[in-house]
Amino acid sequence: MSELYIRVAEDENEEPMEIPSEDDGTILLSSVAAQFPGACGLRYRNPESQCMRGVRLVEGVLHAPENDWGNLVYVVNYPKDNKRKMEEIDAASAVKVKRGFQKTSDLIVLGLPWKTSEQDLKDYFTTFGEVIMVQVKRDLKTGNSKGFGFVRFTEYETQTKVVAQRHMIDGRWCDCKLPNSKAGPDEPMRSRKIFVGRCTEDMTTDELRQYFMQYGEVTDVFIPKPFRAFSFVTFADDQVAQALCGEDLIIKGISVHISNAEPKHNNIHQLFPNFPGGSASLAAMFDRSQYQFPSSHV
């Protein structure tokens with residue numbers, strides 16, 4: 001039998017690709033997998049019953065139904081575990097894309113010497129990367145510096161590097177922060193932490209750790225006891241945590257929502273009015289674990 005091409009697609013609604021057959025009219029599974037990585041077989045829709053039928057597979061060789069491939073479009077089969085991994089990879093890729101398009105913000109520069117000019121500020125920060133804007137805030141009446149200013153960079157990576165350290169400007173230590181960020185000593189830990197909502201009781205700390213490790217190094221996982229349908233995950237990289245915030249992810253077939261974790265102890269009783277021991281007991285639990293509630297939930 002001469003070589004012929006079989007139409008194969010990843011889904012019935014997608015454009016098919018032609019896969020070459022062997023001399024005896026069979027198709028090697030390896031030929032299919034070369035175009036559709038992870039493929040474990042083929043199926044097709046029976047024109048008469050409209051039901052899906054599997055193609056016979058023997059020792060890595062796919063045999064035509066009734067010795068004739070016909071003009072049908074054959075759909076690729078994937079193992080369930082492999083499909084799940086592909087979905088997780090897609091989710092990870094989406095987060096990376098999200099991170100890749102992060103925009104820079106105006107950073108506030110605190111503790112500026114009175115003599116520092118905008119040119120001095122620009123000259124200093126240009127050593128880190130391209131500067132879009134600098135401004136020294138001044139008194140409208142006197143024109144004197146108020147001791148702080150603003151700077152903005154072209155690249156997000158430059159902004160991250162600048163915020164992560166202190167700066168000696170004109171002989172004085174200065175700090176750069178996002179204007180709406182808090183200056184508490186635990187801010188670096190809080191920014192690396194996410195709140196995972198809508199968890200189910202059968203999710204374990206090990207399973208959560210294993211799942212989130214696809215995005216970056218996980219340093220801690222915390223599930224409150226008694227179970228309250230949420231958990232906290234802490235990453236080594238704060239950018240990973242921030243990139244995940246706002247996402248809906250699928251864990252063990254359940255859609256969970258990711259948001260920031262921030263301290264809101266004054267409003268704990270609004271979230272869990274029936275917690276055993278009252279809001280004071282719940283607040284104590286979060287103090288001991290160094291975890292806080294997400295601002296979006298208060």
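What you see is a predicted model; the values in this text were computed from it and never measured.
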Open item on the list: Once rounded to the nearest 0.5 Å, what's the spacing between atom OG1 of Thr219 and atom CZ of Arg209?
Closed with: 7.5 Å
- [ ] Taking Thr26 for its side chain and Leu62 for its backbone only, find out whether a donor-acceptor pair lies under 3.5 Å.
- [x] no
Task: Closest non-hydrogen atom pair, Ile19 against Ser31 - done: CG2-CB, 4.0 Å
Open item on the list: side chain to side chain contact (heavy atoms under 4.5 Å, CB included) for Phe212 and Val221? Distances and angles first, verdict last.
Closed with: CA-CA 10 Å; Phe212 284 105; Val221 176; over 6 Å; no
TODO: Report yes if some heavy atom in the side chain of Phe235 is under 4.5 Å from a heavy atom in the side chain of Leu244; otherwise report no.
DONE: yes
Open item on the list: Using side-chain heavy atoms (C-beta onward) and a distance below 4.5 Å, is Asn260 in contact with Phe195?
Closed with: no
- [ ] Name the orientation class of the two ring planes belonging to Phe232 and Phe230 (parallel below 30°, tilted from 30 to 60°, perpendicular beyond 60°).
- [x] perpendicular
TODO: Using the side chain to side chain contact (heavy atoms under 4.5 Å, CB included) rule, take Ile27 and Glu22 through it: C-alpha gap first, then chi angles, then the decisive distance, then the call.
DONE: CA-CA 6 Å; Ile27 297 179; Glu22 300 302 302; over 6 Å; no
Task: Point-to-point distance, once rounded to the nearest 0.5 Å, from CG of Asn77 to CG of Leu42 - done: 7.0 Å
Task: Side chain proximity check, Leu107 to Phe153, heavy atoms < 4.5 angstrom - done: yes
TODO: May I ask you to decide if Ala241's main-chain N or O and Lys193's side chain share a donor-acceptor pair within less than 3.5 Å?
DONE: no
TODO: Could you go through the side chain to side chain contact (heavy atoms under 4.5 Å, CB included) check for Ile254 and Met203 one step at a time?
DONE: CA-CA 10 Å; Ile254 301 298; Met203 293 180 185; 3.8 Å; yes
TODO: Grab the two heavy atoms, one from Ser231 and one from Ile223, that are nearest each other, plus how far apart they are.
DONE: CB-CG1, 3.9 Å
Open item on the list: For residues Val109 and Trp114: do they belong to one hydrophobic cluster (side chain heavy atoms under 4.5 Å, members Ile, Leu, Val, Met, Phe, Trp, Tyr)?
Closed with: no
Open item on the list: Does any part of the side chain of Val151, heavy atoms only, come nearer than 4.5 Å to the side chain of Met133, both counted from C-beta?
Closed with: no
Task: Heavy atoms of other groups near Lys252 NZ, more than 12 under 6.0 Å - done: yes
Open item on the list: Under 4.5 Å between side-chain heavy atoms, counting indirect links through other Ile/Leu/Val/Met/Phe/Trp/Tyr residues: same cluster for Val76 and Val73 or not?
Closed with: no
Task: Distance-only polar pair, side chains of Gln50 and Asn46, donor-acceptor under 3.5 Å - done: no
TODO: Give a yes-or-no answer on whether the side chains of Ser105 and Arg152 include a donor-acceptor pair shorter than 3.5 Å.
DONE: no
- [ ] Run the numbers on Phe125 and His167 for ring-ring contact (aromatic ring centres under 6.0 Å, His included), then give the verdict.
- [x] CA-CA 9 Å; Phe125 283 113; His167 304 273; 5.5 Å; yes
TODO: Could you tell me whether the side chain of Ser21 and the main chain of Leu4 form a donor-acceptor pair under 3.5 Å?
DONE: yes
- [ ] Test side chain to side chain contact (heavy atoms under 4.5 Å, CB included) on Val61 and Leu28 and set out the steps.
- [x] CA-CA 5 Å; Val61 178; Leu28 298 180; 4.0 Å; yes
Open item on the list: Please give me the minimum heavy-atom distance between Arg172 and Leu112, naming the atom from each residue.
Closed with: NH1-O, 3.7 Å
- [ ] Would you give the length of the straight line joining atom CZ of Arg43 to atom CD of Glu12, rounded to the nearest 0.5 angstrom?
- [x] 7.0 Å
TODO: Output, in order, the C-alpha distance, side-chain angles, deciding distance and verdict of salt bridge (Lys or Arg N to Asp or Glu O under 4.0 Å) for Asp139 and Lys146.
DONE: CA-CA 6 Å; Asp139 185 278; Lys146 291 185 176 182; 5.5 Å; no
- [ ] Compare all side-chain heavy atoms of Glu118 with those of Gln135 and state whether any distance is below 4.5 angstrom.
- [x] yes
Task: Any donor-acceptor N/O pair, Tyr74 side chain to Pro16 backbone, under 3.5 Å - done: no
Open item on the list: For Tyr78 versus Cys40, what's the shortest heavy-atom pair and its separation?
Closed with: C-SG, 3.8 Å
Task: Joint hydrophobic cluster, Leu57 plus Val75, side-chain heavy atoms closer than 4.5 Å - done: no
Open item on the list: Please check if the number of heavy atoms outside Gln165 that lie under 6.0 Å from its CD is greater than 12.
Closed with: yes
- [ ] Check the pair Asp248, Arg198 against salt bridge (Lys or Arg N to Asp or Glu O under 4.0 Å), reporting the backbone distance first and the verdict last.
- [x] CA-CA 10 Å; Asp248 289 302; Arg198 303 199 294 258; 2.9 Å; yes
Open item on the list: Let me confirm one number: the CG-CG distance from Leu72 to Asp68, rounded to the nearest 0.5 Å.
Closed with: 8.5 Å
Open item on the list: If you count heavy atoms of other groups shown closer than 6.0 angstrom to CE of Met52, is the number above 12?
Closed with: yes
Task: Distance (rounded to the nearest 0.5 Å) between Cys176 SG and Ile108 CD1 - done: 9.5 Å
Task: Sub-4.5 Å side-chain heavy-atom contact between Ile258 and Leu249 - done: yes
Open item on the list: Show the nearest heavy-atom pair for residues Pro79 and Gly38, with the distance to one decimal.
Closed with: CD-O, 3.2 Å
Task: Pair Asp206-Thr204, side-chain donor/acceptor within less than 3.5 Å - done: no
Open item on the list: Can you tell me if Gln210 has over 12 outside heavy atoms packed within less than 6.0 Å of its CD?
Closed with: no
TODO: Please examine the side chains of Val8 and Glu18, heavy atoms only from C-beta on, and report whether any two atoms are closer than 4.5 Å.
DONE: no
Open item on the list: With heavy-atom distances below 4.5 Å as the criterion, would you say the side chains of Ser145 and Val136 are in contact?
Closed with: yes
- [ ] Calculate, to the nearest 0.5 Å, the distance between atoms CG and CG belonging to Asp120 and Asp170 respectively.
- [x] 5.0 Å
Open item on the list: Testing the basics here: between Phe128 and Thr158, what is the closest heavy-atom pair and its distance to 0.1 Å?
Closed with: O-CG2, 3.5 Å
